[in-house]
Amino acid sequence: INEGADGKVAITYRWSDDKNYLLGDYQMTAADGTSRTSTQRIGWDPSQGRFRSWLFDADGGFAEGAWTVVEDGVVIKSSSVNPDGSTATATLNITTKDKDHFTIEGTDRVVGDTLDEDFEITVTRRPPTAGK
């Protein structure tokens with residue numbers, strides 16, 4: 001989970017039945033109470049010799065990413081199409097901090113013809129539910 005002044009994001013991952021993909025579910029809730037969901041699929045692309053990801057938003061937007069594993073994490077070159085047809089690109093740096101935390105840093109963000117601000121968030125493993 002990631003919680004901040006602008007809202008909350010809850011992320012869960014599981015293996016696909018055939019164990020070929022990681023499947024992710026995102027639930028984002030803004031500070032005003034509005035929410036949206038996304039699903040992600042991460043797998044190995046043998047034609048490129050790297051991991052790739054595909055993300056689909058419930059509102060019709062979608063993204064794909066080419067992953068490069070680096071010493072302290074992963075760098076993802078991402079491109080997306082927003083529900084209104086505009087496009088965006090970004091570089092995402094995911095760095096493990098410890099067994100319960102990682103950061104996502106978004107840089108080189110371009111939406112349409114506009115340079116967007118960089119961001120950094122910390123994601124925290126949700127504590128186990130009582131009795132589990």
Side-chain angles (χ1 to χ4, degrees):
I1 55 175
N2 171 267
E3 294 185 39
D6 55 348
K8 174 182 172 180
V9 178
I11 308 166
T12 59
Y13 280 97
R14 67 191 179 287
W15 284 106
S16 61
D17 290 342
D18 60 13
K19 306 284 191 256
N20 286 320
Y21 297 95
L22 275 176
L23 305 176
D25 294 308
Y26 292 71
Q27 176 69 43
M28 290 138 306
T29 306
D32 66 5
T34 59
S35 66
R36 58 181 230 229
T37 60
S38 299
T39 60
Q40 184 179 43
R41 183 174 289 254
I42 304 168
W44 182 253
D45 181 347
S47 71
Q48 292 189 8
R50 64 173 27 161
F51 290 101
R52 292 193 51 203
S53 59
W54 301 266
L55 181 95
F56 302 94
D57 292 329
D59 61 6
F62 60 93
E64 64 178 316
W67 294 47
T68 301
V69 178
V70 295
E71 185 175 324
D72 60 348
V74 179
V75 176
I76 304 168
K77 295 292 189 175
S78 176
S79 61
S80 63
V81 176
N82 298 313
D84 65 3
S86 64
T87 59
T89 58
T91 300
L92 302 172
N93 295 290
I94 300 176
T95 307
T96 302
K97 294 298 182 186
D98 58 45
K99 71 180 190 71
D100 292 323
H101 302 89
F102 65 90
T103 60
I104 303 172
E105 179 186 16
T107 61
D108 305 321
R109 300 175 64 218
V110 178
V111 178
D113 294 329
T114 305
L115 187 62
D116 216 353
E117 287 187 32
D118 292 350
F119 71 85
E120 183 174 319
I121 62 171
T122 298
V123 178
T124 302
R125 183 186 311 269
R126 182 179 292 151
T129 308
K132 290 193 176 186

In one Ile/Leu/Val/Met/Phe/Trp/Tyr side-chain cluster, 4.5 Å: [X], [Y]:
X      : Y      : value
Val74  : Ile121 : yes
Val81  : Trp54  : yes
Ile94  : Tyr21  : no
Leu22  : Ile104 : yes
Val123 : Val9   : yes

Would you say the side chain of [Y] lies within less than 4.5 Å of the side chain of [X], judging by non-hydrogen atoms?
X      : Y     : value
Val111 : Asn82 : yes
Asn93  : Thr91 : yes
Thr37  : Phe56 : no
Phe51  : Asp45 : no
Asp57  : Leu55 : yes

I'd like to check the side-chain contact (heavy atoms from CB on, under 4.5 Å) partners of Thr12; sequence neighbours left out, ordered by chain and number.
Asp25
To the nearest 0.5 Å, what is the distance between [atom1] on [X] and [atom2] on [Y]?
X      : Y      : atom1 : atom2 : value
Arg50  : Ile76  : CZ    : CD1   : 11.0 Å
Asp113 : Ser86  : CG    : OG    : 10.0 Å
Gln40  : Leu23  : CD    : CG    : 9.5 Å
Glu120 : Thr107 : CD    : OG1   : 10.5 Å
Ile11  : Tyr26  : CD1   : OH    : 5.0 Å
Thr89  : Asp108 : OG1   : CG    : 8.0 Å

Without swapping roles, check the side chain of Arg109 against the backbone of Asp118 for a donor-acceptor pair under 3.5 Å.
no
Indicate yes or no for a side-chain donor-acceptor contact from Asp59 to the backbone of Gly61 under 3.5 Å, with no hydrogens or angles considered.
yes
If you take all heavy atoms of [X] and [Y], which pair is closest and at what distance?
X      : Y      : value
Thr29  : Ser35  : OG1-CB, 4.0 Å
Ser78  : Leu92  : CB-CD1, 4.5 Å
Arg125 : Lys99  : NH2-O, 2.5 Å
Thr96  : Phe102 : CA-CB, 4.0 Å
Ser53  : Trp67  : OG-NE1, 2.8 Å

Tell me whether the count of non-hydrogen atoms from other residues, nucleotides or ligands lying under 6.0 Å of [atom1] in [X] goes above 12.
X     : atom1 : result
Asn20 : CG    : yes
Gln48 : CD    : yes
Asp17 : CG    : no

